[in-house]
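In what follows, every chain begins at residue 1, and chains take the letters A, B, ... in the order their sequences are listed.
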2 protein chains.
Amino acid sequence: MTQRIGQQNKGDIKVAVDLIIFTVSDDSLKVILIQMKKIPFTGKWAFPGGLIGDDESIDNAAKRELKEKTGVADVYLEQLYTFGDVERDPYGRVVSVSYFALIPSENINLKTIDKYFDIGWFDITNLPELAYDHKKIAAYALKRLQWKVEYANVVYSLLPRYFSLTEMQKVYEVILGRKLDRRNFHRKVKSLGIIKPANKKQIGKHRPAQLYEFSSRKPRIIAVL
Amino acid sequence: MTQRIGQQNKGDIKVAVDLIIFTVSDDSLKVILIQMKKIPFTGKWAFPGGLIGDDESIDNAAKRELKEKTGVADVYLEQLYTFGDVERDPYGRVVSVSYFALIPSENINLKTIDKYFDIGWFDITNLPELAYDHKKIAAYALKRLQWKVEYANVVYSLLPRYFSLTEMQKVYEVILGRKLDRRNFHRKVKSLGIIKPANKKQIGKHRPAQLYEFSSRKPRIIAVL
DNA sequence: GCAAAAGTGTTGAGATTACACCCATGC
DNA sequence: GCATGGGTGTAATCTCAACACTTTTGC
């Protein structure tokens, strides 16, 4: 985020990170937004972020920001794009390196900070008006995520440790915005060897589902769909 | 590139662009490197680049740098990745936004500048020792390019206006590092509709080849191979 | 007429899609 | 026993890979 910047001298270029933090819950794909106090964006929403420290790598700045806002670490985090237009921030020259993160929806406590009015989850298909060039960033992040889940196993970072195939399929459907055939989905993900059955069954009102876990919770390139 | 930076004060983060400029010629994939004068990298090679100006967008800085080194404009240029480790430049904190460009091999005059010993083309599979973290950047750029040519029509920017299918196939083979079947290649690219026959034939010692041109010389996502 | 590159079609295998019925549990 | 979601197989289509011979030109 860039709204922390004060007036700058000429020749002073700041570097910030912006975080697009995705989760899937309630059958929708959501991102975290904060509501800004700072003029001229008072009341507008934006992706969380902040300036990088002098002695901190950009990757670490992104991890720190993620930890601050959500408390989570060790989730999938990928650099998205660097936005560097001159006029993107009215307070001065700020180059923003954006990252997207995928976190499971369980146990997330959003921490409001004094600096903002509010923080919350928003459906990616129904965002409020965004500050800066963040609308462009949102579109870009969604496209990248859609591509990524088709070609890599990164959904491990959106699911709990143990999950049913139906839950996994829901995550794909919500991200891609289309329905998938259950039988084809089962066959496909089983044949890929990226998941393995756990010795657990789902409890619930109906036939209990077999639970699975990922063979490896590390990013891996693989054609999924 | 980052070697122009002088000693910095604390809190002073610089932003630079680095350019990986690809071309295909003599059946090999080549990139431009400059040979540095500045210690501690004296004699080492690096990708060309430079600091961004206060009133110039990062994209424009990349275009400017490309024009300066090669004289070309209006070629395919894509942001690659932003490298932001703290210790990547011994002269101070420099965040580098890398771009890759695809230029046709015809009519390129490399312009040596006083700042460097030399500038030249190098086979990507046989690079000299590189300064900074540029070895990592090179590997990353090659992977991205290989992926890109399979899923987009960007080779238009590596070929002359009119080209034979054999020339086009060579470009793919050199980038991907493997041979392709000529019949399958012909059928595939023709069916995609990204090229159209020109009213020209190649002149040469043997059977003249039909020449083609791209229907559109704009980037377009499409599964090519 | 021969050397060199251009052009073209078919077949088999594997992958993807479409589609419907039975099963296990809670109530 | 019924409502709800879980689990599975097959047939048709499409896509991709493998493969060899004929054509056109310059010399």
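- Residue B:L165 contributes atom CG, which lies 12 Å from atom C1' of C:dT8 at whole-angstrom precision.
- For the pair B:L180 CG and D:dC19 C1', the computed distance is 15 Å after rounding to whole Å.
- Out of C:dG7, D:dT25, D:dG6, the shortest distance to the side chain of B:H186 is found at C:dG7.
- Between A:T166 and the phosphate of D:dG6, there is a side-chain N or O to OP1/OP2 separation shorter than 4.0 Å.
- Distance, B:R182 CZ to C:dT8 P: 10 Å, rounded to whole Å.
- Atom CD in B:Q202 sits roughly 10 Å away from atom C1' in C:dA6 (whole-Å rounding).
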Dump the pairs, protein N or O against N or O of nucleotides 14-18 of chain D, anything under 3.5 Å, distances to one decimal.
unit_1	atom_1	unit_2	atom_2	d
D:dA18	N7	B:N184	ND2	3.1
D:dA18	N6	B:N184	OD1	3.1

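- In this entry the distance linking CG of B:L211 with P of C:dA5 reads 16 Å, nearest Å.
- In this model, a donor atom of one side chain and an acceptor atom of the other lie less than 3.5 Å apart for B:T125 and B:D123.
- Inspection of the A:T82 and B:T82 side chains reveals an N or O donor paired with an N or O acceptor under 3.5 Å.
- Among the nucleotides C:dG7, D:dT25, C:dA6, the one closest to any side-chain atom of B:Q210 is C:dG7.
- Contact annotation for A:K201: no contact, since no heavy-atom pair falls under 4.0 Å across all strands.
- Counting non-hydrogen atoms of other residues, nucleotides and ligands closer than 6.0 Å to NZ of B:K111 gives a total above 12.
- To the nearest angstrom, P of D:dG5 lies 14 Å from CD of A:Q169.
- In the displayed structure, B:K200 atom NZ is contacted under 6.0 Å by at most 12 heavy atoms of other residues, nucleotides or ligands.
- Side chain of A:E150 to main chain of A:W147: no donor-acceptor pair is present (N/O by atom type, distance under 3.5 Å, no hydrogens or angles).
- Here the side chain of A:Q169 pairs a donor or acceptor atom with the backbone of A:L180 at under 3.5 angstrom.
- Around atom NZ of A:K179, no more than 12 heavy atoms belonging to other residues, nucleotides or ligands sit under 6.0 Å away.
- A:I195 has its CD1 atom 14 Å from the C1' atom of D:dG7, to the nearest Å.
- Checked by distance alone, A:H206 brings a side-chain donor or acceptor within 3.5 Å of a matching partner on the base of D:dT4.
- Checking the phosphate oxygens (OP1, OP2) of C:dA24, no side-chain nitrogen or oxygen of A:K205 falls inside 4.0 Å.
- Side-chain to base pairing of B:R207 with D:dG26: no donor and acceptor N or O lie closer than 3.5 Å to each other.
- Put simply, CZ on A:F185 is 16 Å from P on C:dA18, counting in whole angstrom units.
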